[in-house]
Amino acid sequence: MISYDHPVRVYYRDVDKMNIVYYSRYFEMFEEARTELLRSIGLDVTEIEKAGTMLPVVEAHADYKKAAGFEDELVIRTNIPALPKGKLRIAYEVLKDNDVLVSGFTEHAFTNAEGKPTRAPEMILSVLQKHF
């Protein structure tokens, strides 16, 4: 398993009138943490795309357990639990003081630049294999 902890601070823009992080903001946090996870292991999203591979989200899910609020300091624990076959699954936990507030996942297809499904490219698999 590949894992990465990404720190996030909750800003006023992230909360609703009840001072609770608006539910869709977690998916933006997931995206930020996912990008940093990939970068941390040597996979730059821009370079992946320049090589002709896209990673569109084909499924996204979140379970909301506890609320986060304005100025909370969170950690988005992001991991790739298994080597991809047809799709890449990335799991997330949003933590505050090691307490899980939100858990979820995104699933990504591999496509070419025209959006046609492809197998996981060797350039991605070889980097991922080094970390398992």
Side-chain angles (χ1 to χ4, degrees):
M1 176 169 67
I2 299 168
S3 186
Y4 182 80
D5 285 357
H6 181 66
V8 172
R9 179 182 298 276
V10 176
Y11 294 99
Y12 191 70
R13 68 175 182 236
D14 300 318
V15 299
D16 60 19
K17 285 178 116 180
M18 299 175 288
N19 193 39
I20 295 172
V21 172
Y22 190 66
Y23 74 95
S24 66
R25 293 291 290 149
Y26 290 106
F27 289 102
E28 294 174 19
M29 292 177 194
F30 290 177
E31 179 179 358
E32 186 177 308
R34 173 175 68 245
T35 300
E36 295 304 324
L37 164 70
L38 293 173
R39 180 176 287 128
S40 77
I41 62 170
L43 289 171
D44 183 279
V45 174
T46 302
E47 294 303 316
I48 293 170
E49 291 174 351
K50 282 181 185 176
T53 298
M54 304 295 150
L55 293 166
V57 174
V58 294
E59 187 175 352
H61 181 81
D63 288 316
Y64 306 96
K65 299 165 184 6
K66 296 181 182 177
F70 178 56
E71 293 192 339
D72 281 351
E73 293 182 13
L74 308 175
V75 171
I76 314 303
R77 180 158 295 147
T78 308
N79 69 69
I80 300 173
L83 285 171
K85 292 184 172 74
K87 296 178 184 169
L88 173 64
R89 181 176 281 239
I90 302 179
Y92 311 89
E93 289 182 322
V94 179
L95 306 166
K96 179 181 174 189
D97 301 323
N98 290 318
D99 194 16
V100 178
L101 306 183
V102 177
S103 61
F105 68 88
T106 54
E107 198 163 83
H108 305 260
F110 296 98
T111 71
N112 64 20
E114 290 77 40
K116 292 192 135 215
T118 64
R119 294 182 182 266
E122 185 56 37
M123 76 173 279
I124 293 175
L125 289 176
S126 64
V127 172
L128 292 176
Q129 287 171 339
K130 291 178 194 174
H131 296 279
F132 272 88

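By convention here, the first residue in the shown sequence is residue 1. Just so we're clear, the structure is a prediction, and the values are computed from it rather than from any experiment.
The neighbour count for Lys66 NZ, taken as heavy atoms of other residues, nucleotides or ligands under 6.0 Å away, does not exceed 12.
Two residues are said to be in side-chain contact when any heavy atoms from C-beta on lie closer than 4.5 Å; Phe30 and Val102 meet this criterion. Leu55 has its side chain out of reach of Val45: every pair of non-hydrogen atoms, C-beta onward, lies at least 4.5 Å apart. Looking at heavy atoms from C-beta onward, Leu83 lies in side-chain contact with Gln129 at the 4.5 angstrom threshold.
Here Tyr64 pairs with Tyr26 under the ring pair (Phe, Tyr, Trp, His ring centres under 6.0 Å) rule; sequence neighbours left out. Looking at residues two or more places apart in sequence or on another chain, you find a salt bridge (Lys or Arg N to Asp or Glu O under 4.0 Å) between Asp5 and Arg77. Applying the ring pair (Phe, Tyr, Trp, His ring centres under 6.0 Å) criterion to Tyr23, with sequence neighbours excluded, gives no partner residue.
Test Val127, Ile41, Leu38 against Ile2 for side chain to side chain contact (heavy atoms under 4.5 Å, CB included) and you get one pass: Ile41.
In the hydrophobic cluster analysis, where Ile, Leu, Val, Met, Phe, Trp and Tyr join through side-chain heavy atoms closer than 4.5 angstrom, Phe132 is grouped together with Phe110. Phe105 and Ile80 sit in two unconnected hydrophobic clusters of ILVMFWY residues. Membership requires side-chain heavy atoms under 4.5 Å apart, directly or through other members. Hydrophobic clustering, with ILVMFWY side chains joined whenever heavy atoms are under 4.5 angstrom apart, groups Val15 together with Tyr22. Residues Ile20 and Tyr12 do not share a hydrophobic cluster, clusters being chains of Ile/Leu/Val/Met/Phe/Trp/Tyr side chains in contact below 4.5 Å.
Heavy-atom minimum distance, Val58 versus Ala109: CG1-CB, 3.7 Å. Looking at every heavy atom in both residues, Leu125 comes nearest to Ala120 through CD1-O, 3.5 Å. Nearest heavy atom pair, residue Ser3 against residue Asn79, reads CA-CB, 4.0 Å. Closest approach of Met123 to Ala51, counting heavy atoms only: SD-CB, 3.6 Å.
Rounded to the nearest 0.5 angstrom, Leu43 CG and Ile124 CD1 are separated by 6.0 Å. Rounding to the nearest 0.5 Å gives a distance of 6.5 Å between CZ of Arg9 and CD of Glu71. Here the straight-line distance linking atom CZ of Arg39 with atom CG of Asp44 works out to 5.5 Å at 0.5 Å rounding. Separating the CG atom in Leu74 from the CG atom in Asp97 is a distance of 9.0 Å, to the nearest 0.5 Å.
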Taking distance alone, no hydrogens or angles, what donor-acceptor pairs closer than 3.5 Å link side-chain atoms of residues 84-95 to residues at least two apart or in another chain?
residue : atom : partner : partner atom : Å
Arg89   : NE   : Glu107  : OE2          : 3.3
Arg89   : NH2  : Glu107  : OE2          : 3.2
Tyr92   : OH   : Arg34   : NH1          : 3.0
Tyr92   : OH   : Thr106  : OG1          : 2.7

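Within the structure, no pair that satisfies the salt bridge (Lys or Arg N to Asp or Glu O under 4.0 Å) test touches residues 112-132, not counting sequence neighbours. Counting only residues at least two apart or on different chains, the salt bridge (Lys or Arg N to Asp or Glu O under 4.0 Å) pairs with a member in residues 13-24 are Asp14-Arg25.
Side-chain atoms of Asp72 come within 3.5 Å of backbone atoms of Gly69 as a donor-acceptor pair (strictly under, hydrogens ignored).
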task = Give the intermediate values and the outcome of side chain to side chain contact (heavy atoms under 4.5 Å, CB included) for residues Val57 and Phe27.
result = CA-CA 11 Å; Val57 174; Phe27 289 102; over 6 Å; no

key: Working for side chain to side chain contact (heavy atoms under 4.5 Å, CB included), residues Glu32 and Ile76   = CA-CA 9 Å; Glu32 186 177 308; Ile76 314 303; over 6 Å; no

